[in-house]
Amino acid sequence: MVIGIKAYILDLKSEGEDKIKMTLRDKSFQEAHDTLQPYFYLEPEKKGHKTDIEKIPGVIKVEDYEDSLGQKLLKITVDHPGRIPEIRTKMHAYGVNREHDIPYHFRYLIDKALHANTYYDFELDNGMVKGAKKTSLGSPKLNMCAFDIETHSEKGVFPDPKRDPVLMIAYKDDKEEKVFYWQEGKGTEKEMILAFIDKVKTEEIDVLVGYNSAGFDLPYLKERAKKLGVDFDLSRDGSDLHITKGAFPRATMYGRMHIDAYNGVEFLSYIGALRLPKNDLESVYKAFLGKDKIDIHYDDITTFWKAGGEKLKKLIQYNKEDARAAYEIAERLLPLYNELSRLIGLPISDVSRMSPSQMVEWYLTRKAFERNEVIPRKPSSEEIKKRQQRPIEGGFVKLPKRGIHEHIAVCDFRSLYPSIIISHNLDGHALNCNDCTEKEKHHSPAGYSFCSKKQGLIPQILEELINARIGAKKEMKKHKQGTHDYDVLQAKQWGLKILANSVYGYLNFAMARWHSREAAEATTSLARFYIKDTIEKAEKAGFEVLYADTDSAFLLLKNKSEVKRAKEFIEKINKSLPGLMELEFEGYYPRGLFVTKKEGGAAKKRYALIKEDGTVEIKGFEFVRRDWSNIAKITQEKVINAVLKEGKPEKGIKIVKDVIKDLRAGKVSLEDLVIYTQITRPLSSYEAIGPHVRAAQRLIEKGEKIRPGSVVEYIVTEGPGNIGEKSWPKQLLGNRKPDMEYYIKNQIIPSVIKILAELGVTEDELSKDERQKSIAQWFS
DNA sequence: TAATTCGCTAGACCGA
DNA sequence: TCGGTCTAGCGAA
């Protein structure tokens with residue numbers, strides 16, 4: 001029987017020989033099947049292998065294949081996707097494998113031109129897909145829930161699912177917040193787990209979110225379920241929850257997308273959309289809910305659970321807040337992942353675990369298929385090492401003019417690297433073309449030239465991404481803020497921006513299939529050319545250029561009315577720029593501050609600007625760095641504000657002196673003295689034991705887990721030895737007293753001195769009236 | 001197994 | 001104890 005349904009592919013997997021099973025979702029959901037004969041390519045070492053290869057068990061067909069790049073290959077069709085690993089190993093005798101490492105369900109979506117999470121009119125014949133036509137329906141709305149578990153724990157012992165039960169499971173969706181729990185004599189752990197599974201199923205949850213749930217909650221629940229004889233079946237087809245352990249843990253269940261919000265937070269931090277002191281649940285909760293999460297030490301969880309009454313209530317609340325924090329982060333992430341999934345065309349569960357580079361690579365893979373280009377191999381480890389040897393030259397940074405300046409116009413190139421790549425067709429395959437004359441080619445200062453006739457894959461996808469983003473932004477204007485359509489478009493343009501911004505980095509990334517050193521060098525060399533050219537032209541036009549970094553230039557104006565002249569200058573530049581390249585007027589700033597380095601000379605990448613409405617933008621200074629104490633940061637912010645708003649030295653001096661006084665009087669909270677620093681490698685591989693490493697060692701001695709990525713929070717205390725010896729983790733501070741003189745001398749003074757120096761404040765002035773004469777020596 | 005380069009600064013380390 | 005050099009982290013773009 002043939003039926004037609006409007007639905008989207010939520011999930012899919014391989015099933016048997018040449019079959020794909022998929023979950024089609026609309027208001028309900030339904031299982032469907034399709035076929036795709038698995039295949040891969042071989043770059044043959046020499047001709048004449050064909051007949052040998054045909055004899056290999058599992059090989060169905062061997063054909064000559066030439067793609068649109070002129071690559072002459074053998075296309076090897078096999079009977080079963082699961083056989084590819086075995087067959088491709090045998091192929092080493094005949095040549096080099098190509099496209100042998102594309103997961104079968106990705107292969108299916110790419111070859112059939114189907115995008116996950118996108119509505120199609122499917123024609124199904126007894127559950128087999130007979131046709132799929134794209135509809136005009138927009139983004140699907142997925143049912144999402146967050147969850148979190150609390151487990152029994154003995155003092156100082158990490159919970160072990162072989163021994164310690166799960167006490168509670170918090171659940172939150174868009175309708176309710178609920179905590180499943182049991183107590184001795186009231187219910188059982190088994191019933192609780194079953195009730196949770198039942199909840200996920202009855203709510204038809206499509207997206208299950210936890211925090212570190214791939215590494216902890218789901219493996220833990222699975223293990224407990226096994227012990228209790230419960231079928232821990234969260235999937236939509238009765239298949240098992242699949243757990244992959246290791247440095248990058250994964251948990252997958254067919255038919256439901258699992259998102260680990262921890263990956264999401266790392267992703268958002270990575271692309272610069274989120275900056276938290278550390279990427280833990282507490283920081284997420286505070287950033288999103290604006291208040292601190294209830295604090296219960298994990299040693300006390302079982303005690304609270306047993307105690308009942310108010311304590312139990314508090315534990316329930318604690319558990320709820322964990323789920324709530326995961327939910328908050330997921331609410332921001334899901335629309336983005338949904339759009340990225342639609343763009344790249346792969347399921348959310350896969351996309352949510354990808355780095356921006358991987359996203360670019362899979363996007364390119366799909367587009368390469370459309371162009372009939374067999375994709376490049378992954379580089380070997382030797383090739384990767386070779387690529388990493390000599391770094392390419394990056395952006396140009398102009399030495400700024402130090403001091404406090406008035407009337408600054410900032411202009412910057414819109415999407416500089418992408419627009420250069422598109423306008424000059426920078427692409428590994430467009431390099432050294434034979435179709436263009438020297439004159440026709442795009443030339444770069446790096447010495448490489450590129451075809452001007454046939455657009456390369458990289459410039460093509462960049463152009464598509466940028467145009468799609470312009471389209472999405474235009475479309476956004478037709479919708480009211482806060483509506484579903486608006487939010488979807490917002491997420492879409494964000495996803496497009498992430499992809500477009502990642503392409504250059506991808507090009508220069510050693511592990512990239514489409515790595516092109518030449519294209520990357522051409523990109524940065526042209527970027528240096530354009531910014532230097534702009535600086536030169538600005539100076540010729542009579543502007544003093546205060547500073548420039550990669551894609552932006554700061555023009556010093558004589559007065560505010562010169563803004564018009566600056567805009568005219570920008571327009572003139574734009575007339576000379578090729579293709580999509582555009583210089584934009586970013587803003588007018590009445591005042592700006594550039595300081596000198598510690599070693600003298602003006603400092604790059606550190607400045608502060610104030611807008612007409614009084615908002616201050618601070619770049620590079622300690623204020624924006626997490627590895628400085630809050631007291632130093634807020635003092636610096638106040639001083640910068642005072643300098644930019646009033647420009648009088650007295651106020652700045654007073655701010656600093658007051659803080660010093662407060663520190664000596666013990667009026668500063670401990671929280672404001674904490675320094676956050678990340679541990680980036682196993683402790684044993686540090687050559688220099690800095691304060692954060694010393695503090696981490698102390699945590700390890702107490703049995704805490706410190707891994708690369710852990711953020712240590714430490715305070716410098718009074719006592720003998722170097723600063724490291726004096727550094728104690730916040731948790732282990734005990735009776736130790738913070739070393740206030742350290743905070744004055746090594747935190748407050750260095751963070752303000754270069755700023756106040758621009759107002760003519762000298763070391764002596766700052767130390768005047770101070771009871772301790774020794775202050776002067778700090779500035780020596 | 002998953003973007004790079006440019007730049008600043010603190011604090012350890014090391015030899016005189 | 002001093003100063004130079006190196007290691008390490010993090011931010012700007």
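A note on names: the letters A, B, ... follow the listed sequences, proteins ahead of strands, and every chain is numbered from 1.
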Report task. Give I392(A) one of three labels, base, sugar-phosphate or nothing, depending on what nucleic acid heavy atoms sit under 4.0 Å from its own. Result ->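 Counting heavy atoms under 4.0 Å across all strands, the contact made by I392(A) is with sugar-phosphate only.
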Query raised in the report: With a non-hydrogen cut-off below 4.0 angstrom, is F248(A) in contact with a base, only sugar-phosphate, or nothing?
Result: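 Sugar-phosphate contact only - F248(A) comes under 4.0 Å of backbone atoms but never of a base.
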Give the table of side-chain donor-acceptor pairs shorter than 3.5 Å for residues 671-680 of chain A, with sequence neighbours excluded, one pair per line with atom names and distance.
from	atom 1	to	atom 2	distance (Å)
D672(A)	OD1	N630(A)	ND2	2.7
T680(A)	OG1	Y686(A)	OH	3.4

Query raised in the report: Is any side-chain N of the basic residue among R377(A) and E383(A) closer than 4.0 Å to the acidic one's carboxylate O?
Result: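 Answer for the salt bridge query: no.
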Check whether [X] reaches the backbone of [Y] with its side chain - one donor and one acceptor, N or O, closer than 3.5 Å.
{"X": "S341(A)", "Y": "L346(A)", "result": "yes"}
{"X": "S516(A)", "Y": "D427(A)", "result": "no"}
{"X": "D549(A)", "Y": "V397(A)", "result": "no"}
{"X": "Q636(A)", "Y": "F623(A)", "result": "yes"}

Query raised in the report: Does E282(A) have any salt bridge (charged side-chain N to carboxylate O under 4.0 Å, His left out) partners at least two apart in sequence or in another chain, and if so, which?
Result: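 Once residues adjacent in sequence are excluded, the partners of E282(A) under the salt bridge (charged side-chain N to carboxylate O under 4.0 Å, His left out) criterion are K293(A).
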**Report entry** Upstream residue (5' side of DNA chain B) when Q388(A) and K378(A) are each assigned their closest nucleotide
**Finding:**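 The residue whose closest nucleotide sits nearer the 5' end is K378(A).
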**Report entry** Given DNA chain B, 5'-ward residue of the pair A603(A) and G394(A), judged by closest heavy atom
**Finding:**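 By nearest-heavy-atom nucleotide position, the 5'-most residue is G394(A).
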Please enumerate all protein N or O atoms sitting under 3.5 Å from an N or O of nucleotides 11-14 of chain B, with distances to 0.1 Å.
from	atom 1	to	atom 2	distance (Å)
dG11(B)	OP1	Y742(A)	OH	2.6
dG11(B)	OP2	N746(A)	ND2	3.0
dA12(B)	OP1	I723(A)	N	3.4
dA12(B)	OP1	G724(A)	N	2.8
dC13(B)	OP1	I689(A)	N	3.4

Ignoring hydrogens and angles, write down the donor-acceptor pairs under 3.5 Å from the side chains of residues 262-278 of chain A, residues two or more places apart or on other chains.
from	atom 1	to	atom 2	distance (Å)
Y262(A)	OH	E266(A)	OE2	3.4
E266(A)	OE2	N279(A)	ND2	3.0
S269(A)	OG	V265(A)	O	2.7
S269(A)	OG	N279(A)	OD1	3.4
S269(A)	OG	N279(A)	ND2	3.4
K278(A)	NZ	E713(A)	OE2	2.8

Which protein N or O atoms sit under 3.5 Å from an N or O of nucleotides 9-13 of chain C?
from	atom 1	to	atom 2	distance (Å)
dG9(C)	OP1	T680(A)	OG1	3.2
dG9(C)	OP1	Y686(A)	OH	2.4
dG9(C)	OP1	H692(A)	NE2	3.1
dG9(C)	OP2	T680(A)	OG1	2.5
dG9(C)	N2	R625(A)	NH2	3.1
dG9(C)	N3	R625(A)	NH2	3.4
dC10(C)	OP1	R626(A)	NE	2.9
dC10(C)	OP1	R626(A)	NH2	3.1
dC10(C)	OP1	Q678(A)	N	3.0
dC10(C)	OP2	Q678(A)	NE2	3.1
dC10(C)	O4'	R625(A)	NH2	3.0
dC10(C)	O2	R625(A)	NH1	3.1
dG11(C)	OP1	V624(A)	O	3.2
dG11(C)	OP1	R626(A)	N	3.0
dA12(C)	OP1	G620(A)	N	3.0
dA12(C)	OP2	R275(A)	NH1	3.4
dA12(C)	N3	K605(A)	NZ	3.3
dA13(C)	OP1	Y607(A)	OH	2.7
dA13(C)	O3'	D551(A)	OD1	2.4
dA13(C)	O3'	D551(A)	OD2	3.3

Report task. Specify the residues of residues 352-365 of chain A, ordered by number, for which at least one heavy atom lies under 4.0 angstrom from an atom of DNA chain B. Result ->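 Correct list: S355(A), S357(A), Q358(A).
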Query raised in the report: Among residues 592-600 of chain A, which residues get a heavy atom nearer than 4.0 Å to DNA chain B?
Result: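 Of all residues in residues 592-600 of chain A, the ones placing a heavy atom under 4.0 Å from DNA chain B are K597(A), K598(A).
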**Report entry** Global bending angle along the helix from dT4(B)-dA13(C) to dA16(B)-dT1(C), which compares the axes of five pairs at either end, to 10 degrees
**Finding:**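 Both end axes considered, the difference amounts to 10°.
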Query raised in the report: Can the positive tip of K532(A) be found less than 6.0 Å from the middle of the six-membered ring of F396(A), inside 45° of the ring normal?
Result: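 Judged by the rule (NZ or CZ under 6.0 Å from the ring centre, within 45° of its axis), K532(A) counts as positioned above F396(A).
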Query - Pairs where residues 412-423 of chain A contributes a residue and the test side chain to side chain donor-acceptor pair (under 3.5 Å) is met, not counting sequence neighbours - result: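 Qualifying pairs, neighbours excluded: R414(A)-E582(A).
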Query raised in the report: Are E464(A) and Q460(A) close enough that a side-chain donor and a side-chain acceptor fall under 3.5 Å?
Result: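 Side-chain D/A pair, E464(A) to Q460(A): present.
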Query - salt bridge (Lys or Arg N to Asp or Glu O under 4.0 Å) contacts touching residues 620-634 of chain A (sequence neighbours left out) - result: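 Qualifying pairs: R606(A)-E622(A), R625(A)-D627(A).
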Query raised in the report: R98(A) and I375(A): which non-hydrogen atoms are nearest, and at how many Å?
Result: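 For R98(A) versus I375(A), the nearest heavy atoms are NH2-O, 3.0 Å.
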Report task. Could you pull out all residues at least two apart from H105(A) that satisfy ring pair (Phe, Tyr, Trp, His ring centres under 6.0 Å)? Result ->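 Scan of H105(A) (ring pair (Phe, Tyr, Trp, His ring centres under 6.0 Å), adjacent residues dropped) gives none.
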**Report entry** For Y607(A), ring pair (Phe, Tyr, Trp, His ring centres under 6.0 Å) partners two or more places apart
**Finding:**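 Counting only residues at least two positions away or on another chain, Y607(A) forms a ring pair (Phe, Tyr, Trp, His ring centres under 6.0 Å) with Y547(A), F554(A), F594(A).
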Query - Y270(A) (side chain) and dA3(B) (base): donor-acceptor pair under 3.5 Å - result: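 Counting by modelled atom types and ignoring angles, a donor-acceptor contact under 3.5 Å is found here.
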Query raised in the report: Quantified in whole Å, what is the C1' atom distance between nucleotide dA2(B) and nucleotide dA12(C)?
Result: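 Rounded to whole Å, the distance is 22 Å.
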